[in-house]
Amino acid sequence: MNRIMSSQRSDLIEQKLSQHTSFFGIKLWILITASASIAFLLAFIVFVSLCFIFHRRRCRQEPFRLRSKLCLPLSRIPLNNDRRHNPYNRCPEYIESGRISSQVGWSSAHLPYYTRSFSSTTSSFGSFTVFTFMEIESVTDGFADENLIAKGDSSMVYRGVLMGTVNVAVKRFFPIYQRYDDNDFITRAEMIANVRHKNVVRLLGYSIEGDERALVYEYVEKGDLHEWIHGSSGRNQPLAWSKRMKIIQGVAKGLAYFHEDLEPRITHQYVRPSKILLDYHWNPKIILAIPSHNDSPMNSTFVPSPNNLDEKIDIHCFGTLIMELVSGRVCVDQSSPHVYLVDWIKEMVVNHMIVDVLDPSLPEFPTLKELKRIVLIALRCVDPEIEQRPKMGDVIHMLQPHDLLLNSNAIRKPQKVTRSREVSRISIIGT
């Protein structure tokens with residue numbers, strides 16, 4: 001009896017499932033199967049989307065963190081918190097004082113996107129490598145004198161070789177000139193390491209053991225811009241106008257990245273030729289460093305989460321940099337009748353002698369239109385009215401070449417005796 005009843009129920013269920021529904025006459029069992037499949041597919045898509053969103057957020061928060069089982073957690077890094085602070089600390093410039101070599105710079109050729117440790121005792125943290133001090137000594141051949149690039153007030157910079165093939169620059173701090181405790185030093189180093197731009201010197205790693213602290217940067221072949229404008233390198237091989245314009249555009253892109261694209265935003269606060277390095281292809285790279293104890297705002301290397309005033313300071317420094325590249329003069333020269341470069345450029349423009357601001361060592365002169373455009377951009381950047389200074393994004397747009405089909409006659413290089421007379425009638429307004 002039970003078998004008969006179960007058979008009848010099965011037949012009834014099968015009959016109902018085989019019935020045609022009002023939805024395009026599709027059988028009920030087909031409709032149920034299709035609905036279940038669609039529901040499962042939607043649930044799978046939602047799950048995959050959530051995983052993707054979570055992964056993207058995690059990557060944004062930790063954009064370059066290496067996920068390796070060999071990484072040493074930060075909590076296991078040996079720290080020395082018994083550090084004495086000197087109230088008279090002062091941060092060195094990379095190569096601001098005591099230049100050792102004008103031809104040796106910092107930059108590395110073709111580094112891998114992720115930096116790998118070169119020994120089993122080196123541990124990766126964030127986007128860079130945590131080196132032991134023994135490894136730093138090995139990289140620099142025991143801080144050999146022949147590897148010394150530059151010496152500042154509170155640090156020395158050495159050339160080193162990483163993994164036997166990659167050139168690096170190692171900045172070793174003097175123990176007495178320490179400003180931050182270990183955790184602050186690591187935090188600021190990580191902030192610099194996460195700044196990734198082709199016009200910014202890349203921080204590859206750091207070392208912190210006891211009183212020893214060091215930063216490891218990529219090595220830039222042609223050294224700092226100061227040597228190529230005001231030093232022996234520039235005198236022996238003056239930079240062509242096209243190279244100077246390439247440098248101006250590259251620095252502008254790097255600063256625009258700091259101000260507008262990076263999160264959190266930063267400002268450099270001390271943009272000058274000695275803080276800009278040149279690679280083999282004459283691409284400029286801005287140096288970011290950790291400031292020391294007594295750095296004033298004007299000497300600070302970078303400021304996180306800046307306000308509008310901080311950005312305008314960078315823009316003023318950039319305008320002064322343009323003037324140095326155009327004229328070949330330093331921004332402040334106590335031995336000159338015109339001490340301040342900005343004031344001298346303004347005076348020359350007012351007196352309709354703009355051609356006379358050109359660096360006389362230029363191999364060839366630009367067009368008058370090009371010269372006027374670049375000088376006007378520089379003058380806008382150093383406007384005394386802070387709010388009138390343009391943003392770096394606007395500066396990049398202004399630096400783009402315009403009216404290329406118009407008159408492109410280059411400025412001729414007249415004799416020194418007659419030059420001022422010939423250009424005295426030239427005005428900054430008009431062509």
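- For residues 379-392, the pairs satisfying side chain to side chain donor-acceptor pair (under 3.5 Å) are N308-E387, with sequence neighbours left out.
- A donor-acceptor pair is defined here as one N or O able to donate and one able to accept, closer than 3.5 Å; no such pair exists between the side chain of D394 and the backbone of P390.
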Decide side-chain contact (heavy atoms from CB on, under 4.5 Å) for F143 and I136; before the verdict, give the C-alpha distance in whole Å, the side-chain angles of both, and the deciding distance to 0.1 Å. CA-CA 9 Å; F143 300 105; I136 294 293; 3.6 Å; yes
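- In this structure, D182 and D184 have side chains that are not in contact, with every pair of non-hydrogen atoms separated by 4.5 Å or more.
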Name the atoms and distances for all side-chain donor-acceptor pairs under 3.5 Å in residues 321-341, with sequence neighbours left out.
unit_1: E324; atom_1: OE1; unit_2: H230; atom_2: NE2; d: 2.8
unit_1: S327; atom_1: OG; unit_2: M323; atom_2: O; d: 2.7
unit_1: S327; atom_1: OG; unit_2: R329; atom_2: N; d: 3.2
unit_1: D333; atom_1: OD1; unit_2: S335; atom_2: N; d: 3.1
unit_1: D333; atom_1: OD1; unit_2: S335; atom_2: OG; d: 2.6
unit_1: S336; atom_1: OG; unit_2: H338; atom_2: N; d: 3.2
unit_1: S336; atom_1: OG; unit_2: H338; atom_2: O; d: 3.3

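- Residues M245 and I374 are in side-chain contact: their nearest non-hydrogen atoms beyond the backbone lie under 4.5 Å apart.
- V161 is not listed as a side-chain neighbour of V166, based on a closest heavy-atom distance of 4.5 Å or more.
- With hydrogens and angles disregarded, no donor-acceptor distance shorter than 3.5 Å links the side chain of D310 to the backbone of T267.
- Note on D359 versus R244: salt bridge recorded, some NZ/NE/NH1/NH2 to OD/OE distance being below 4.0 Å.
- Pairing each heavy atom of A256 with each of G393, the nearest pair is CB-N, 4.4 Å.
- Counting only distance, with no hydrogens or angles, the side chain of E218 and the backbone of R202 share a donor-acceptor pair below 3.5 Å.
- I315 has its side chain out of reach of V382: every pair of non-hydrogen atoms, C-beta onward, lies at least 4.5 Å apart.
- You'll find the side chain of V200 stays beyond 4.5 Å of the side chain of K285, heavy atoms only.
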Check against side-chain contact (heavy atoms from CB on, under 4.5 Å), E135 and F133: CA-CA 5 Å; E135 289 168 340; F133 187 71; over 6 Å; no
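- No donor-acceptor pair closer than 3.5 Å links the side chain of S155 to the backbone N or O of K151.
- Applying the side-chain hydrogen bond (donor to acceptor under 3.5 Å, both in side chains) rule to E370 yields the partners R373; only residues at least two apart in sequence or on another chain are considered.
- Using modelled atom types, one side-chain atom of D314 and one backbone atom of Q269 make a donor-acceptor pair closer than 3.5 Å.
- Side-chain contact check for W344 versus V349: every heavy-atom pair is 4.5 Å or farther apart.
- Not one N or O on the side chain of E137 forms a donor-acceptor pair closer than 3.5 Å with the backbone of M134.
- Taken to the nearest 0.5 Å, the OG1 atom of T187 stands 7.0 Å off from the CD atom of E190.
- The heavy-atom pair separating Q237 from K243 by the smallest distance is NE2-NZ, 4.3 Å.
- Atom CD1 in I149 sits 7.5 Å away from atom CZ in R159 (nearest 0.5 Å).
- Residues F40 and I45 are not in side-chain contact: their nearest non-hydrogen atoms beyond the backbone lie 4.5 Å or more apart.
- Atoms CG and CD1, on N199 and I276 in that order, are 10.0 Å from each other to the nearest 0.5 Å.
- Shown here are the side-chain contact (heavy atoms from CB on, under 4.5 Å) partners of A144, two or more places apart in sequence or in another chain: D141, E146, N147.
- Remark: F318 pairs with no residue by the ring-ring contact (aromatic ring centres under 6.0 Å, His included) rule, at least two apart or across chains.
- Side-chain atoms of K275 and H226, non-hydrogen and from C-beta on, never get closer than 4.5 Å to each other.
- Rounding to the nearest 0.5 angstrom, the gap separating the CG atom in L204 from the CG atom in L215 is 10.5 Å.
- Using a distance-only test at 3.5 Å, with no hydrogens or angles considered, no donor-acceptor pair links the side chain of W228 to the main chain of L278.
- Residues S361 and P238 share a closest heavy-atom pair of O-CB, 3.3 Å.
- Between the N236 side chain and the S232 main chain, a donor and an acceptor come within less than 3.5 Å of each other.
- Although no hydrogens or angles enter the test, the distance criterion places no donor-acceptor pair under 3.5 Å between the side chain of T140 and the main chain of Y158.
- Between A240 and L362 the shortest heavy-atom distance is C-CD2, 4.3 Å.
- A distance of 11.0 Å separates CD of E311 from CD1 of I266, quoted to the nearest 0.5 Å.
- Of the possible donor and acceptor atoms, none in the side chain of K222 sits under 3.5 Å from a partner among the backbone N and O of L277.
- The two residues A378 and G319 have their closest heavy-atom pair at CB-O, 3.7 Å.
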For a side-chain contact (heavy atoms from CB on, under 4.5 Å) check, start with the C-alpha distance between T320 and V342, then their side-chain angles and the critical distance, and finish with the verdict. CA-CA 7 Å; T320 305; V342 173; 4.0 Å; yes
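- For D261, the side-chain contact (heavy atoms from CB on, under 4.5 Å) partners at least two apart in sequence or on another chain are Y257.
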Walk me through it: do L203 and L288 pass the test side-chain contact (heavy atoms from CB on, under 4.5 Å)? CA-CA 9 Å; L203 179 64; L288 285 176; over 6 Å; no
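- Separation of atoms OH (Y206) and CZ (R213) is listed at 10.5 Å; rounding is to 0.5 Å.
- Between V157 and L148, the shortest heavy-atom distance links the atoms O-CD1, 3.4 Å.
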